[in-house]
Novice: 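Pasting a structure here, questions to come.
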Amino acid sequence: MTPDSAELPGSFYRAVGHGRYESTAATAGPWSPKAQHAGPPSALLGRALERHGAREGFRIARITLEIPRPVPVGDLQVEVRAIRSGGRAELLEGELTSGGRPVLLARAWRIAASPRETPPLRPETAPPSLPGPQPPPVMAGAHLGGYVSAMEWRFPPGGGFDTPGPGTVWARQRIPLVDGEPDTPLTRALTLADSNWAVAFELDHVGRLVINTDVTLALHRDPVGAWLHLTAATAASPDGSGLASGRLDDAAGDCGRILQTLLVADR
């Protein structure tokens, strides 16, 4: 069973000053209560990149996060800088460290928003309607008391984390990213994005080691609202690797794409 909302921490992180954040138990991922799901720290780093030298009329359109080692549930230090800053595009770089070691790296393109007369090209069909409330999800061999419980999940009939993909799900945060602060469209998308391959479990992640080394989120528009929808699938090849690809929607439709490289190995 998963804890109810009364037992959840009030947020994923608490700011303690000078770019430092205290991680709560809600950040813990499904594989260990001591290691974070990559969603919350991705959003924490994305939040810092979004705020760094923010400019009116600009938005982060693409962010790639590299995960060199597990992110521990503990204090994190956030640092960001601009690599290039031009009249229409900026390349930003960020890093999360724990105990002086880098645990998450990011590069993001912040670009000028497109003109209002840009045609709204939407080749994808609209997502399915949001299902009604559901019991807490299950996931074989997983720690369910952290991130999995801190998100609300609504799968289609017969769907779930233990249902072989491709898969779809509606999801939203049950707590804010940082205590006392409102979330943004980018941070909400990043909090969910790393769950893409879990929604599309098609490789045996219990009998084998299957883990993503990175997350790329590309948004052609900012998602609207708390509820977001993932449509995800996995590709894999012998003597190769896995690739989880997904589409992100809000209630109005397509917002962007997610890509994750998957390491596939014998245990």
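Just so it is clear, the model here is predicted, and its values are computed rather than measured. Atoms considered below: every heavy atom in the structure, side chains included; atoms not considered: hydrogens, waters and symmetry mates.
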Novice: Please walk me through it: do V71 and L76 pass side-chain contact (heavy atoms from CB on, under 4.5 Å)?
Specialist: CA-CA 9 Å; V71 181; L76 298 174; 4.0 Å; yes
Novice: Flag yes if more than 12 heavy atoms outside R88 fall under 6.0 Å of its CZ atom; otherwise flag no.
Specialist: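 Count not over threshold, so no.
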Novice: Between atom CG of L44 and atom OG1 of T187, what is the distance when rounded to the nearest 0.5 Å?
Specialist: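 L44 CG to T187 OG1: 10.0 Å, rounded to 0.5 Å.
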Novice: How long is the straight-line distance from CG of L219 back to CG of D254, given to the nearest 0.5 Å?
Specialist: 10.0 Å
Novice: Would you call D250-R188 a salt bridge at under 4.0 Å N-O?
Specialist: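 Salt bridge between D250 and R188, a charged N being under 4.0 Å from a carboxylate O: no.
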Novice: How many angstroms lie between atom CG of D204 and atom CG of L209, to the nearest 0.5 angstrom?
Specialist: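 D204 CG to L209 CG: 11.0 Å, rounded to 0.5 Å.
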Novice: Take R174 and E152, measure what salt bridge (Lys or Arg N to Asp or Glu O under 4.0 Å) needs, and give me the verdict at the end.
Specialist: CA-CA 6 Å; R174 297 170 66 187; E152 183 175 359; 5.7 Å; no
Novice: Between Q260 and T216, does a side-chain contact (heavy atoms from CB on, under 4.5 Å) hold up when you go through it step by step?
Specialist: CA-CA 6 Å; Q260 296 167 286; T216 294; over 6 Å; no
Novice: Taking all heavy atoms of A189 and all of L217, pick out the closest pair and write down the distance.
Specialist: CB-CD2, 3.8 Å
Novice: Relative to each other, are the rings of Y147 and H37 parallel, tilted or perpendicular (30° and 60° limits)?
Specialist: parallel
Novice: Identify whether M151 and F161 are in the same connected component of the hydrophobic contact network (ILVMFWY, side-chain heavy atoms under 4.5 Å).
Specialist: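 Same cluster.
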Novice: Given the rule in the side-chain contact (heavy atoms from CB on, under 4.5 Å) test, do D183 and Q173 qualify, once you have shown the distances and angles that lead to the verdict?
Specialist: CA-CA 10 Å; D183 297 318; Q173 295 170 225; 3.2 Å; yes
Novice: What I want to check is whether the side chains of Y13 and R47 have a donor and an acceptor closer together than 3.5 Å.
Specialist: no
Novice: Please work out which of the three classes, parallel, tilted or perpendicular, describes the rings of F201 and H205, given edges at 30° and 60°.
Specialist: parallel
Novice: Does the side chain of D75 come within less than 4.5 Å of S98's, by heavy atoms?
Specialist: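 Result no, sub-4.5 Å side-chain heavy-atom pair not found.
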Novice: Using only atom types and a distance under 3.5 Å, with no angle test, would you say the side chain of T168 pairs donor to acceptor with the backbone of T231?
Specialist: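 Side chain of T168 to backbone of T231, a donor-acceptor pair under 3.5 Å: no, none is there.
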Novice: With clusters defined by side-chain heavy atoms of hydrophobic residues (ILVMFWY) lying less than 4.5 Å apart, directly or transitively, does V264 cluster with V215?
Specialist: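 Result: yes, single cluster for both.
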Novice: Write down the atom of D249, the atom of C255, and the distance for their closest heavy-atom approach.
Specialist: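 Where D249 meets C255 most closely, the heavy atoms are C-SG, 4.0 Å.
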Novice: Around atom CZ of R84, are there more than 12 heavy atoms from other residues, nucleotides or ligands closer than 6.0 Å?
Specialist: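 Count over threshold, so yes.
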Novice: Quick check: do D266 and R208 have side-chain heavy atoms less than 4.5 Å from each other?
Specialist: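 They are in side-chain contact.
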Novice: Go through the side-chain N and O atoms of S23 and Q36 and say whether any donor and acceptor fall under 3.5 Å apart.
Specialist: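 Distance-only check passes for S23 and Q36.
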Novice: Which pair of heavy atoms, one from T191 and one from F12, lies closest together, and at what distance?
Specialist: CG2-CE1, 4.2 Å
Novice: Tell me yes or no: between the side chains of T261 and D214, is some donor less than 3.5 Å from an acceptor?
Specialist: yes
Novice: What's the verdict on side-chain contact (heavy atoms from CB on, under 4.5 Å) for T213 and I67, showing C-alpha distance, side-chain angles and the deciding distance?
Specialist: CA-CA 5 Å; T213 59; I67 312 168; 5.9 Å; no
Novice: Please find the pair of heavy atoms, one from G10 and one from P176, that lie closest to each other, and give the distance.
Specialist: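 Of all heavy-atom pairs spanning G10 and P176, the closest is O-CD, 3.1 Å.
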Novice: Tell me whether T163 contacts the main-chain N or O of G158 through its side chain, where contact means a donor paired with an acceptor under 3.5 Å.
Specialist: yes
Novice: Answer with yes or no whether the side chains of T64 and R62 bring together a donor and an acceptor at under 3.5 Å.
Specialist: yes
Novice: Is any side-chain N of the basic residue among E50 and R110 closer than 4.0 Å to the acidic one's carboxylate O?
Specialist: no
Novice: Can you establish whether the number of heavy atoms outside R69 located under 6.0 Å from its atom CZ is more than 12?
Specialist: yes
Novice: Got a donor-acceptor contact below 3.5 angstrom from the R154 side chain to the P131 backbone?
Specialist: yes
Novice: Is there a path from L186 to W227 through hydrophobic residues (I, L, V, M, F, W, Y) whose side chains come within less than 4.5 Å of each other?
Specialist: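 No, L186 and W227 fall in different hydrophobic clusters.
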Novice: Run through I258, L65, L177, T184 and flag the one making a side chain to side chain contact (heavy atoms under 4.5 Å, CB included) with L190.
Specialist: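 Answer to the side chain to side chain contact (heavy atoms under 4.5 Å, CB included) test with L190 among I258, L65, L177, T184: L65.
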Novice: Measuring only between side-chain heavy atoms, which start at C-beta, is L248 closer than 4.5 Å to L192?
Specialist: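 Side-chain contact under 4.5 Å: yes.
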Novice: So which atom in A126 and which in R247 form the shortest heavy-atom distance, rounded to 0.1 Å?
Specialist: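 Answer, listing the atom of A126 first, then R247: C-NH2, 4.2 Å.
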Novice: Out of curiosity, T27 OG1 to E22 CD, how far, rounded to the nearest 0.5 Å?
Specialist: 10.0 Å
Novice: For a 4.5 angstrom cut-off between non-hydrogen side-chain atoms, does H143 reach P30?
Specialist: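 The answer is no, as the side chains (C-beta and beyond) never meet within the 4.5 Å cut-off.
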Novice: Indicate yes or no for a side-chain donor-acceptor contact from W153 to the backbone of V148 under 3.5 Å, with no hydrogens or angles considered.
Specialist: yes
Novice: What's the separation between atom CG in L203 and atom CG in L262, rounded to the nearest 0.5 Å?
Specialist: 6.5 Å
Novice: Under the ring pair (Phe, Tyr, Trp, His ring centres under 6.0 Å) rule, what do W170 and F155 come out as? Steps first, then yes or no, please.
Specialist: CA-CA 6 Å; W170 283 96; F155 290 91; over 10 Å; no
Novice: In terms of hydrophobic clusters joined by side-chain contacts under 4.5 Å, are L104 and V178 together?
Specialist: yes
Novice: Between R55 and E90, does any side-chain N to carboxylate O distance fall below 4.0 Å?
Specialist: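 The answer is yes: the pair qualifies as a salt bridge.
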Novice: Hey, could you give me the CG/CG distance between L49 and L91, rounded to the nearest 0.5 Å?
Specialist: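 Rounded to the nearest 0.5 Å, the CG-CG separation comes out at 10.0 Å.
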Novice: Verify, without hydrogens or angle tests, whether T24 (side chain) and P9 (backbone) share a donor-acceptor contact under 3.5 angstrom.
Specialist: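 The answer is no, because no donor-acceptor pair under 3.5 Å joins these two groups.
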Novice: Are P72 and K34 side-chain neighbours, meaning at least one heavy-atom pair lies under 4.5 Å?
Specialist: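 Side-chain contact under 4.5 Å: no.
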Novice: Applying the 4.5 Å side-chain criterion to the ILVMFWY set and letting contacts propagate, would L228 and L259 be lumped into a single cluster?
Specialist: no
Novice: What I want to find out is whether R81 reaches E93 closely enough, with some N-O distance under 4.0 Å, to be called a salt bridge.
Specialist: yes
Novice: Using a 4.5 Å cut-off on heavy atoms from C-beta on, say whether the side chain of M139 contacts that of D162.
Specialist: yes
Novice: Of all the heavy-atom pairs spanning P185 and P223, show the shortest one and how long it is.
Specialist: CB-O, 3.3 Å
